[in-house]
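Structure record follows, encoded as C-alpha cells.
Naming: A, B, ... by sequence-line order, numbering from 1 per chain.
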Amino acid sequence: MNQQIRVRFAPSPTGHLHIGGARTALFNWLFARHHRGAFILRIEDTDRSRSTDEYIDIIIEGMKWLNLDWDEGPFRQTERFDIYREYVEKLLKIGKAYHCYCSPEELERKRQIAISSGLPMKYDGKCRNLKSPAPDMPTAVRFKMPQEGLTIVNDLIKGRVTFENSQLEDLIIMRSDGTPTYNFVVVADDIDMKISHIIRGDDHLNNTPKQIHIYNAFDCETPQFAHLPMILGHDKSRLSKRHGATSVLAYREMGYLPEALVNYLVRLSWAHGDQEIFTKDELIEYFSLQNIGKSAAVFNPDKLLWLNSHYIMNSDVEKLAEMVMPFLIKKGIIAENQDIDLLWLSKTIHLLKERSKNLDELANSLRYFISDSVEIDPKAAEKFLKPQSLEYLCEIRNALFTQIFHLRLGRNRSEGSRKISEATES
RNA sequence: GGUCCCAUCGUCUAGAGGCCUAGGACAUAGCCCUCUCAAGGCUAAGACACGGGUUCGAAUCCCGUUGGGACUACCA
C-alpha cells in the first residue's frame, strides 16, 4: 500500500447520501484504489442538533450498496472532541486564537446592518485584542486570520486560485458550548489522519484559504486540494429534492443497479476518450484527477436509465433473479419465505430482461408469469405495463410467448418450465 | 452587495494551437430487421455564449462583456 496517498470521504449525517456526495465518495475511492492508497470514512457530526445516528446508518448503507469500501473508519467527530480541545488550546497558547465575547444576537444585528448598507459582512474583530478578558462569560474561540497579503491555492482541478487575506474573517473554531466547528475540525482531522489529498465539492473552494491558514498555524504542510465541479438539476440550480430523487438509496428502491449508478456518476465531469461503459477495474485503472473537467454537470436521468437497462441486459440471469427477489416480495408477487424454482425464474428473466429498464419493471413483468392463480386483468396490468407491452402480452402470437402465456395462465409450472427450456435453447 | 469558480449540440462529454468540414453517448426523428413490444443496425437534425486581441493559423492562449453557479453562520 502506498502510504503517501491517503484520502477521505467526510459526509455530515444531516441527510441521506445524495448524488453529489456519492460522486465525491466515488472519486476519492477511485483515486485511492488507483494509487493503492488508503480511503478513510469520516462522519462529520459536530452539529449535534442536525446530525442523527439514523442518517449515519443510511449513509453507510449507501456506501456499501455502491461497493465503495473504506480502509479506515468510520470515525465520528463527536467521539474526538478531546483531540479538538487540545488543538484549540494549542492555538490559544501560541496566540493564533482568542476568546470572543460577542453574543450571537449582537453579531446578527451587525450583520443585518452590513447587509442593508451594502458593506462586507465580516466580523469586525471587536474581541481580537481585548486587554482584560472576562473569564466567567460564555465565550466562543476565534481563529486569528492574517489581514493582509495573498493566499494561493494550487488546486489540482481548478489550477492556481488567489484570495486576498483581507477578505478572510476571524472564524469561530469553538462555539460557546465548547463544541468545535467545521472549518476547524476538518483541518484538525486531516492533520491527525495524515490526509494527503482533499477531493471534495467546489462549494468548499472558498473555505480552502481559511483552512490553509489553520494548517500554517499548526506549522503543518497543506495537503493537495482537488475541487470537483457541482452536479446540478435540469434547471442548472443545485440538485435538490424538487429535481426528483437525490438519495442514492432511492435509486436502489427504484430498481437501479449500483454498477449503473457508479458508471453514470463517474462520467459527470470525468471522461476517458469516447468510452461510456466501464467495469470497476477499468475505472480504477483509468481514473485520474487530470481528466476531470472544471465545469458543473447537469444530472440527466435519461442517461442513467439507459445505463441501467444496459447493465440489466448484460447481467447474469442468476444475479438478476437474486436482485429482483426483494421487489417480488415487496409487491406481494411472492411470499417472503416462498419456495421458488430459481432455475425457472432465471429462465423467465432471460426472456424479459431485454425489455426491462430497471428491476421494478422486471418484477412487474414477472408478476404475470409467477402468479398461477392470477388471471390477467387488463385494468390491473395497465398499471404496471406500458400500453404497447400490454398489447404485446395480450396479443401474443409469437410462439415463444404463447408458451409462456399458457404457463402464466397457470396450469403447470413444470410444463411451463420445459417449454421455456425449449424456447431459450432454440 | 462582496469574494471565488465556470462556459463545445437540449444533456453528458472528446478536444493539450494546424489532425476540426468539431468526434462519441443519452434523448429526439426516420429507415432496416421483425407476426407485436423491445433489443440491435443504419441515417438525420443538433454546439465551440458574445466582442476584442496574440499568432502564418484559435474551440484551444490573453483581456473584456454577458450568462450560470458556489461561498459569504456560534451549518457542514
Whole-Å distance between B:A70 P and A:Asn206 CG? 12 Å
State, without any angle test, whether A:Lys331 and A:Asn364 hold a side-chain donor-acceptor pair at a distance under 3.5 Å. yes
Write down the partner of B:C50 under the Watson-Crick or G-U wobble criteria, each distance required to be under 3.5 Å. B:G64
Pick one: which of A:Lys96, A:Arg142, A:Glu86, A:Met174 meets side chain to side chain contact (heavy atoms under 4.5 Å, CB included) with A:Leu91? A:Lys96
Closest to the side chain of A:Glu354, out of B:C5, B:A76, B:A38, is B:A38
Describe the nucleic acid contact of A:Met174 in one word from base, sugar-phosphate, nothing, applying a heavy-atom distance below 4.0 Å. nothing
Who pairs with B:C71 - Watson-Crick or G-U, where each distance is under 3.5 Å: B:G2
Determine the contact category for A:Cys100: base if any of its heavy atoms lies under 4.0 Å from a base atom, sugar-phosphate if only primed atoms, P, OP1 or OP2 are that close, otherwise nothing. nothing
Looking only at atom P, what distance separates B:A16 and B:U21, rounded to whole Å? 14 Å
Please answer whether the main-chain N or O of A:Met313 pairs with a side-chain N or O of A:Lys353 as donor and acceptor at a distance below 3.5 Å. yes
B:A76 phosphate, OP1 or OP2, under 4.0 Å from A:Arg175 side-chain N/O: yes
At less than 4.0 Å, is any side-chain N or O atom of A:Arg200 found next to OP1 or OP2 of B:A70? Yes or no. no
Pair assignment for B:U28, Watson-Crick or G-U wobble, requiring both distances under 3.5 Å: B:A44
What is the nucleic acid contact for A:His204, judged by heavy atoms within less than 4.0 Å: base, sugar-phosphate only, or nothing? base
With a 4.0 Å cut-off on heavy atoms, is A:Asp45 in touch with a base, just the backbone sugar-phosphate, or nothing at all? nothing
Using atom P in both nucleotides, what's the gap between B:G68 and B:C75 to the nearest angstrom? 31 Å
Would you indicate which nucleotide in B:G2, B:G69, B:A76 comes nearest to any side-chain atom of A:Gln167? B:G2
So, does the side chain of A:Thr181 form a donor-acceptor pair with the base of B:C74 at under 3.5 Å? no
Counting Watson-Crick and G-U wobble pairs only, both distances under 3.5 Å, name the nucleotide matched with B:A59, or none. none
Is the distance from OP1 or OP2 of B:A76 to the nearest side-chain N or O of A:Thr46 less than 4.0 Å? yes
May I ask you to decide if A:Glu318's main-chain N or O and A:Asp316's side chain share a donor-acceptor pair within less than 3.5 Å? no
Are A:Tyr182 and A:His204 close enough that some pair of their side-chain heavy atoms sits under 4.5 Å apart? yes
Could you work out which one of B:C26, B:A39, B:C71 sits closest to the side chain of A:Trp306? B:C26
Under 3.5 Å, is there a donor-acceptor pair between the side chain of A:Asp190 and the main chain of A:Ile198? no
Tell me which nucleotide among B:G10, B:G69, B:C5 gets nearest to the side chain of A:Asn300. B:G10
Within less than 4.0 Å of OP1 or OP2 of B:U11, is there a side-chain N or O belonging to A:Lys236? yes
Sugar-phosphate, base or nothing in reach of A:Tyr264, heavy atoms under 4.0 Å: nothing
Measure from the side chain of A:Arg355, starting at C-beta and using heavy atoms only, and say which of B:C5, B:A38, B:G10 lies closest. B:A38
Would you confirm whether A:Asn263, through its side chain, and A:Phe278, through its main-chain N or O, come within 3.5 Å as a donor-acceptor pair? yes
Using a cut-off of 4.0 Å on non-hydrogen atoms, how would the nucleic acid contact of A:Thr162 be classed: base, sugar-phosphate, or nothing? sugar-phosphate
A:Arg50 side-chain N/O to B:A76 phosphate OP1/OP2 under 4.0 Å: no
Taking only side-chain N and O atoms of A:Lys294, does any of them lie within less than 4.0 angstrom of OP1 or OP2 on B:C6? yes
Can you check the A:Tyr182 OH to B:A76 P distance for me, whole Å? 9 Å
To the side chain of A:Phe163, which of B:G40, B:C4, B:U72 is closest? B:C4
N/O donor-acceptor pair under 3.5 Å between A:Asp170 side chain and A:Met145 backbone: yes
Kindly point out which of B:G24, B:A39, B:C5 is positioned nearest to the side chain of A:Lys303? B:G24
Out of B:A25, B:C74, B:U13, which has the shortest distance to the side chain of A:Ala297? B:U13
A:Leu232 side-chain proximity, nearest of B:A39, B:C74, B:G69: B:G69
Upstream residue (5' side of RNA chain B) when A:Arg160 and A:Arg267 are each assigned their closest nucleotide: A:Arg160
Side-chain N,O (A:Ser269) to OP1/OP2 (B:U13) below 4.0 Å: yes
Which part of the nucleic acid, if any, lies within contact of A:Leu268, taking any heavy atom under 4.0 Å across all strands shown: a base, the sugar-phosphate backbone alone, or nothing? sugar-phosphate
From B:C4, B:G40, B:C6, nucleotide with atom closest to A:Lys158 side chain: B:C6
In terms of the nearest nucleotide of RNA chain B, which residue is placed more toward the 5' end: A:Ala271 or A:Glu276? A:Ala271
What does A:Ser295 touch in the nucleic acid at a heavy-atom separation under 4.0 angstrom: a base, only the sugar-phosphate, or nothing? sugar-phosphate
